[in-house]
Engineer: 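Dropping the structure in here first, questions after.
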Amino acid sequence: MIIIENLNFKIKNKTILEDINIKIESGEKVAIVGGNGAGKTTLIESILNINTKYTGNIKFDFEYKDSPLEKIGVQFQDSNYPVGLSVRDIIEFFSQKGKIVDKAFQKELIDKFEMNDFLDKDSSKISGGQAQKLNVLLSLISKPKILVMDELTTGLDVFSRNSITTVVEEYIKKNKATLILVTHTASEIERFIDRVIVLKQGKIIDKLDKTKIIKDYKNVGNFLNQLH
């Protein structure tokens with residue numbers, strides 16, 4: 001469970017987040033949507049303790065030593081990996097950092113994402129689809145109970161998109177994981193999400209169950225279109 005209470009964040013005189021209150025139950029799948037500048041990234045960075053300059057409270061139903069990131073799997077849309085390190089090197093580094101011992105699960109992910117052909121390729125020279133597979137794999141290898149994902153399938157070809165969404169969906173179902181998904185994509189919401197939180201100019205302007213969205217707007221695409 002994640003409880004966000006009275007979250008506010010300002011930079012100088014500009015309000016980025018204002019009076020944010022959200023409760024996300026364990027196992028719930030939530031989308032955060034809104035236009036550019038709505039505050040989505042800042043909200044996620046606050047939940048992950050990357051941004052610590054907010055006022056208010058963010059509480060988790062688990063203990064951690066230094067940061068909640070110890071227990072949360074994160075997939076960012078853009079990740080830059082060091083020149084000269086192979087994809088295999090990156091995976092091994094994250095495995096050691098997280099003290100991952102389940103090598104069978106790691107191999108299972110590599111096989112499902114069809115990564116064997118580029119494991120020894122320089123990680124700075126892989127394609128966008130390959131990079132996204134690596135990003136998602138790294139978010140899963142520690143078997144987290146909470147996943148935070150940013151634009152999971154944006155810009156991917158149909159083959160990469162299908163393999164990534166299938167693996168993520170299987171993982172969430174098998175592990176009853178909580179999902180927080182930042183997205184502009186109707187298909188992602190339709191496939192994964194229970195509830196949608198809408199941000200505009202740093203404020204929550206709506207919280208809607210997906211079933212209500214489909215009832216009122218016929219489909220998620222229509223709902224997203226009317227937000228612009």
Side-chain angles (χ1 to χ4, degrees), residues 28-36 38 40-41 44 73-81 85-88 90-91 94 105-144 146-198 208-211 213-214 217-228:
E28 189 177 12
K29 295 170 283 294
V30 174
I32 298 174
V33 303
N36 293 334
K40 303 185 300 296
T41 299
I44 292 300
V74 182
Q75 169 265 319
F76 289 116
Q77 186 179 5
D78 297 314
S79 296
N80 296 315
Y81 297 109
L85 289 182
S86 69
V87 170
R88 190 189 305 275
I90 299 294
I91 294 172
F94 274 79
F105 179 61
Q106 180 176 303
K107 184 179 185 304
E108 178 186 338
L109 290 175
I110 289 170
D111 290 341
K112 285 183 175 180
F113 283 139
E114 300 179 343
M115 296 176 66
N116 287 289
D117 289 344
F118 62 92
L119 277 178
D120 295 310
K121 191 172 181 179
D122 189 320
S123 59
S124 68
K125 297 179 180 178
I126 56 179
S127 70
Q130 291 170 338
Q132 189 72 317
K133 288 179 179 180
L134 176 57
N135 294 342
V136 175
L137 179 145
L138 296 177
S139 75
L140 297 177
I141 55 174
S142 63
K143 293 186 174 180
I146 298 174
L147 286 173
V148 176
M149 298 186 148
D150 183 7
E151 301 292 354
L152 182 61
T153 62
T154 298
L156 299 180
D157 62 70
V158 64
F159 300 106
S160 296
R161 182 166 62 247
N162 287 342
S163 64
I164 286 172
T165 52
T166 298
V167 170
V168 171
E169 186 174 42
E170 289 175 351
Y171 178 87
I172 290 170
K173 288 181 178 178
K174 183 176 181 180
N175 295 277
K176 298 179 180 179
T178 303
L179 174 65
I180 302 173
L181 179 65
V182 178
T183 185
H184 294 94
T185 306
S187 61
E188 292 181 4
I189 295 174
E190 290 168 351
R191 184 162 187 170
F192 292 108
I193 296 305
D194 302 318
R195 184 162 59 108
V196 176
I197 296 169
V198 184
L208 294 166
D209 289 340
K210 183 175 67 178
T211 53
I213 290 172
I214 293 173
Y217 297 91
K218 307 303 182 186
N219 58 62
V220 175
N222 289 338
F223 170 72
L224 293 178
N225 288 336
Q226 62 85 37
L227 294 178
H228 298 298

Engineer: State, with a plain yes or no, whether a side-chain heavy atom of Leu134 is found less than 4.5 Å away from one of Tyr81.
Structural biologist: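 Touching, per the 4.5 Å side-chain cut-off.
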Engineer: Walk me through it: do Asp122 and Ser86 pass the test side chain to side chain contact (heavy atoms under 4.5 Å, CB included)?
Structural biologist: CA-CA 4 Å; Asp122 189 320; Ser86 69; over 6 Å; no
Engineer: For a side chain to side chain contact (heavy atoms under 4.5 Å, CB included) check, start with the C-alpha distance between Ile44 and Val148, then their side-chain angles and the critical distance, and finish with the verdict.
Structural biologist: CA-CA 8 Å; Ile44 292 300; Val148 176; 3.7 Å; yes
Engineer: Check the side chains of Glu188 and Thr153 for a donor-acceptor pair under 3.5 angstrom, ignoring hydrogens and angles.
Structural biologist: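 On atom types as modelled, these side chains qualify, holding a pair under 3.5 Å.
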Engineer: Side-chain contact, heavy-atom cut-off 4.5 Å: Val33 with Ile189?
Structural biologist: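 A side-chain contact exists here, since the closest heavy-atom pair is under 4.5 Å.
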Engineer: Provide the closest heavy-atom pair for Asn222 versus Tyr217 in the form atom of the first, atom of the second, distance.
Structural biologist: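 Looks like ND2-O, 2.9 Å.
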Engineer: Is the side chain of Ser127 donor-acceptor paired with the backbone N or O of Gln130 at a distance under 3.5 Å, no angle test?
Structural biologist: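 Side chain of Ser127 to backbone of Gln130, a donor-acceptor pair under 3.5 Å: yes, one is there.
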Engineer: For the atom pair CZ (Phe105) and NZ (Lys107), what is the distance rounded to the nearest 0.5 Å?
Structural biologist: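 Answer for the CZ-NZ pair, Phe105 versus Lys107, is 13.5 Å.
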Engineer: Are any non-hydrogen side-chain atoms of Arg88 and Met115 less than 4.5 angstrom apart?
Structural biologist: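 No, too far: nothing below the 4.5 Å cut-off.
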Engineer: Side chains of Val196 and Ile213, heavy atoms from C-beta outward: is any pair under 4.5 Å?
Structural biologist: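 Touching, per the 4.5 Å side-chain cut-off.
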Engineer: Give a yes or no on whether the backbone of Asp157 and the side-chain of Ser160 come within a donor-acceptor separation of less than 3.5 Å.
Structural biologist: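 No.
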Engineer: Please check if the side chain of Asp209 supplies one atom and the backbone of Thr211 the other of a donor-acceptor pair under 3.5 Å.
Structural biologist: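 No, Asp209 side chain to Thr211 backbone: no donor-acceptor pair under 3.5 Å.
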Engineer: Report yes or no: does Thr185 contribute a side-chain atom to a donor-acceptor pair with the main-chain N or O of Ser187 at less than 3.5 Å?
Structural biologist: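 Between the backbone of Ser187 and the side chain of Thr185 there is no qualifying donor-acceptor contact (under 3.5 Å).
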Engineer: To the nearest 0.5 Å, tell me how far Met149 CE sits from Thr183 OG1.
Structural biologist: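 Met149 CE to Thr183 OG1: 12.0 Å, rounded to 0.5 Å.
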Engineer: Taking Asn162's backbone N and O only, do any of them form a donor-acceptor pair with Thr166's side chain (distance below 3.5 Å, no angle check)?
Structural biologist: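 Answer holds: yes.
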Engineer: Apply side-chain hydrogen bond (donor to acceptor under 3.5 Å, both in side chains) to residues Glu28 and Thr178 and explain how you reach the verdict.
Structural biologist: CA-CA 5 Å; Glu28 189 177 12; Thr178 303; over 6 Å; no
Engineer: Answer yes or no: does atom CD of Glu170 have more than 12 heavy-atom neighbours from other residues, nucleotides or ligands under 6.0 Å?
Structural biologist: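 Yes, because the 6.0 Å sphere around CD of Glu170 holds more than 12 heavy atoms from other groups.
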Engineer: Is there a side-chain contact between Leu147 and Leu181 (heavy atoms, below 4.5 Å)?
Structural biologist: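 In short, these two side chains do not touch, never coming nearer than 4.5 Å.
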Engineer: Decide yes or no for Leu227 and Val198: does some side-chain heavy atom of the first lie under 4.5 Å from some side-chain heavy atom of the second?
Structural biologist: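 Yes, close enough: below the 4.5 Å cut-off.
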Engineer: If we ignore hydrogens and angles and just use 3.5 Å, is the side chain of Gln106 paired with the main-chain N or O of Ile141 as donor and acceptor?
Structural biologist: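 Between the backbone of Ile141 and the side chain of Gln106 there is no qualifying donor-acceptor contact (under 3.5 Å).
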Engineer: Distance from Leu137 atom CG to Lys112 atom NZ, nearest 0.5 Å?
Structural biologist: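 So the CG of Leu137 and the NZ of Lys112 are separated by 11.5 Å.
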Engineer: In Å, rounded to the nearest 0.5 Å, how long is the span from NZ of Lys125 to NZ of Lys121?
Structural biologist: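 The distance works out to 9.0 Å.
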Engineer: Do Lys210 and Glu190 meet the salt-bridge criterion of a basic N to acidic O distance under 4.0 Å?
Structural biologist: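 So Glu190 does not pair with Lys210 through a salt bridge.
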Engineer: If only atom types and distance count, is the side chain of Gln75 paired as donor or acceptor with the main-chain N or O of Asp150 below 3.5 Å?
Structural biologist: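 Confirmed, Gln75 side chain pairs with Asp150 backbone.
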Engineer: Under the criterion side chain to side chain contact (heavy atoms under 4.5 Å, CB included), I'd like the reasoning laid out for Thr165 against Phe192: C-alpha separation, chi angles, the key distance, then a yes or no.
Structural biologist: CA-CA 9 Å; Thr165 52; Phe192 292 108; 4.0 Å; yes
Engineer: Is it the case that the side chain of Ser123 and the backbone of Leu85 share a donor-acceptor pair, with hydrogens and angles ignored and the cut-off at 3.5 Å?
Structural biologist: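 Confirmed, Ser123 side chain pairs with Leu85 backbone.
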Engineer: To the closest 0.5 Å, what do you measure between CD1 (Ile193) and CG (Leu208)?
Structural biologist: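 Separation between the atoms: 13.0 Å.
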Engineer: Start with the C-alpha distance between Leu119 and Ile91, add both sets of side-chain angles, then the distance that settles side chain to side chain contact (heavy atoms under 4.5 Å, CB included), and finish with yes or no.
Structural biologist: CA-CA 9 Å; Leu119 277 178; Ile91 294 172; 3.9 Å; yes
Engineer: Check whether any side-chain N or O of Lys133 sits under 3.5 Å from a backbone N or O of Phe113 as a donor-acceptor pair, and report yes or no.
Structural biologist: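 Indeed, once roles are kept as given, a pair shorter than 3.5 Å links the two residues.
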Engineer: Got more than 12 heavy atoms from elsewhere within 6.0 Å of CG, Asp111?
Structural biologist: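 Enclosed.
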Engineer: What I'd like to find out is whether the side chain of Asp194 reaches to under 4.5 Å of the side chain of Val30, using heavy atoms alone.
Structural biologist: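 A side-chain contact under 4.5 Å is absent here.
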Engineer: Can you see which heavy atom on Leu156 is nearest to which on Gly129, and at what distance?
Structural biologist: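 Scanning both residues completely, I find the closest heavy atoms to be CD2-CA, 3.7 Å.
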Engineer: How far does NE2 of His184 sit from CG of Leu224, to the nearest 0.5 angstrom?
Structural biologist: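 Nearest 0.5 Å value for the NE2-CG distance: 9.0 Å.
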Engineer: How far apart are the closest heavy atoms of Gly73 and Pro144, and which atoms are they?
Structural biologist: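 Smallest heavy-atom distance, with atoms named: N-CB, 3.4 Å.
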Engineer: Any donor and acceptor pair, going by atom type alone, linking the side chain of Asn175 with main-chain N or O of Tyr171 inside 3.5 Å?
Structural biologist: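 Answer holds: yes.
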